[in-house]
Amino acid sequence: MPMYNPKIESMKADEIRKLQEERMVKMVRYAYERVPMYKKRFQEKGIGPDDIKSLEDVHKVPFTLKNDLRDHYPYGILAVPVTEVVRFHASSGTTGTPTVVSYTKHDMDVWTNNMARAYACAGATPNDIVQNAYGYGLFTGGLGFHYGAERLGCAVVPTATGNTKRQLQMMKDFQTTVLCCTPSYATFLGEAAKKAGMDPLKDLSLKVGMFGAEPWSNEQRKHIQDTLGLRAIDNYGMSELYGPGVAVECEHQNGLHIWGDEFYVETIDPDTGEVLEPGKKGEMVITMLTREAMPLLRYRTKDICVINWEECECGRSHPKIMRITGRSDDMLIIGGVNVFPSQIESVLLDTPGIGDQYQIIVDRALLDSLYVKVEVAPEAWNAPGFNKDALAKKVGENLTAVLTLRAKVELMEPGALPRTEGKAKRVIDLRKE
Ligand code: DLL
């Protein structure tokens with residue numbers, strides 16, 4: 001498959017390392033000089049930018065955490081005047097405060113190029129018709145996949161998420177060849193097509209699926225490929241790292257190429273912070289090498305994976321990350337939306353009449369919705385005129401407002417949820433195989 005930028009994509013590993021080293025040294029100085037948080041962190045460690053002379057020194061650089069973004073909400077990590085920002089996106093923080101990310105014109109260009117590379121890597125060409133069923137808005141999926149496809153020269157159909165019937169109709173009528181959405185929505189689309197009497201293998205023209213934003217398995221991949229008749233490609237990214245387009249599989253579907261000229265990737269032991277050898281499973285830590293608006297040094301993604309520097313059959317020598325196998329924190333991804341149990345808890349605690357015992361149930365059958373069982377506070381339960389349905393509706397609305405996710409709420413009598421002697425089991429994730 002032709003590369004979008006062969007000069008960069010076919011660089012050899014040692015050339016990539018050299019470029020990474022030059023860019024890393026520059027980026028550390030840039031962040032130190034422009035972001036007070038970084039200057040403070042370096043000074044606390046008793047080091048300065050001069051101590052980072054090569055990639056061997058990177059382990060000395062302090063980590064950045066999601067909470068740092070929350071603590072500096074909204075503009076604290078900006079390294080440029082806000083007038084140079086051309087785009088903001090935001091994703092869920094671990095509590096109510098969102099994580100804001102910002103982009104200069106240069107950053108938008110890098111992101112869009114990364115996405116164009118991703119499409120070409122997956123096997124898309126300028127002749128393709130791309131149906132983009134990721135959410136448009138603050139979530140980076142919609143606009144990221146949109147502009148990347150345009151840059152490659154494809155025709156984009158910006159359907160966004162939902163409205164499945166219309167989605168399928170357009171896919172058929174427009175003869176869509178590339179589908180972009182979460183793997184769970186791809187599965188749902190396949191089932192919905194069959195229910196509507198369509199034979200996706202005959203009626204649709206799909207060739208490539210650009211799937212990501214949530215964990216998925218090889219079995220799920222096989223099922224989607226067999227149902228929709230396309231090559232299902234894994235796409236990894238996160239809002240803090242521009243959005244999608246950080247790493248993508250090629251036609252060999254054997255690990256995701258992470259663009260080494262833009263991202264310096266390490267894996268660490270999540271407990272000790274110690275850097276691990278390539279090939280050892282650990283938490284992925286990424287430094288963006290040319291980000292202008294919001295430099296992030298050694299950002300702890302909390303995603304668990306393995307790095308592999310072996311050259312791929314496709315001719316790319318950029319490092320690969322093998323499929324994400326989990327997270328080192330408790331973040332859940334429901335229908336592509338990131339949810340922290342702590343956010344759910346704070347909504348429940350803030351709703352008058354609600355007790356302090358709850359359970360979060362996540363199941364594939366519920367697709368993109370959340371199911372919460374929660375006890376009513378005894379005073380409210382016993383109050384004359386207590387209206388259970390009205391309270392359940394209120395809790396559901398509050399959860400949806402904060403999480404941007406449909407929520408089904410079941411109110412329980414005080415004491416009805418099981419008590420455990422140890423840690424309460426708050427999350428029941430029925431999706432885990
Ligand atoms: O999910 C960006 C994106 C959009 C990626 C569309 C791919 C496609 P966030 O909402 O910030 O950004 O969520 C980032 O989602 O830390 C992972 O835990 C998870 N994630 C993303 N892609 C994958 C994947 C977007 N391919 C968080 N496999 C990340 C497993 C993934 N987990």
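The structure displayed is predicted, hence computed values, not measured ones. Both ligands and their constituent atoms are indexed starting at 1 by order of listing.
Interface atoms of ligand 1 facing Thr140, defined by a heavy-atom separation under 4.0 Å, are 2 (C). The Asn235 neighbourhood of ligand 1 comprises atoms 7 (C), 22 (N), 23 (C), 24 (C), 26 (N), with distances under 4.0 Å to a heavy atom of that residue. Listed by number with element, the atoms of ligand 1 under 4.0 Å from a non-hydrogen atom of Phe145 are 6 (C), 8 (C). Close approach of ligand 1 to Arg327 (heavy-atom distance below 4.0 Å) involves ligand atoms 16 (O), 18 (O).
Nearest non-hydrogen protein atom to atom 13 (O) of ligand 1 is Asn338 ND2, 2.9 Å. For atom 31 (C) of ligand 1, the closest non-hydrogen atom on the protein side is Glu214 N, 3.7 Å. Shortest contact from atom 19 (C) of ligand 1 to any protein heavy atom: Ile333 CD1, 3.3 Å. Of all protein heavy atoms, the one closest to atom 20 (N) of ligand 1 is Ala213 C, 3.6 Å. Distance from atom 11 (O) of ligand 1 to its nearest protein heavy atom, with residue and atom name: Ser239 OG, 2.6 Å. The protein heavy atom nearest to atom 5 (C) of ligand 1 is Gly237 N, 3.6 Å. The nearest protein atom to atom 18 (O) of ligand 1, hydrogens excluded, is given as Asp303 OD1, 2.6 Å; this is a heavy-atom distance.
For Arg323 and Trp216, the positive end sits near the middle of the six-membered ring, less than 6.0 Å away and at most 45° from its axis. Cation-pi check for Arg117 over Tyr4 is not met; the charged atom does not lie both under 6.0 angstrom from the ring centroid and within 45 degrees of its normal. Figure legend: Arg23 and Tyr264 shown without cation-pi pairing, the cationic atom not lying both under 6.0 angstrom from the six-membered ring centre and within 45 degrees of its axis. A cation-pi arrangement is absent between Arg41 and Tyr32 under the rule of less than 6.0 angstrom and at most 45 degrees off the ring axis.
The OH atom of Tyr103 sits 9.0 Å away from atom CG of Leu143, with the distance rounded to the nearest 0.5 Å.
Aromatic rings from Trp111 and His89 are positioned such that their centres are separated by under 6.0 Å.
Looking at Phe263 and Leu289, their side chains never come closer than 4.5 Å, going by heavy atoms from C-beta outward.
Looking at ligand 1, you won't find any N or O of Tyr134 less than 3.5 Å from one of its N or O atoms.
Note on ligand 1: Phe139 sits in its first shell, one or more heavy atoms being nearer than 4.0 Å.
Salt bridge annotation for Lys60-Asp51: absent, with no cationic side-chain nitrogen under 4.0 angstrom from a carboxylate oxygen. The pair Arg327-Asp303 meets the salt-bridge criterion, since a charged nitrogen lies less than 4.0 angstrom from a carboxylate oxygen.
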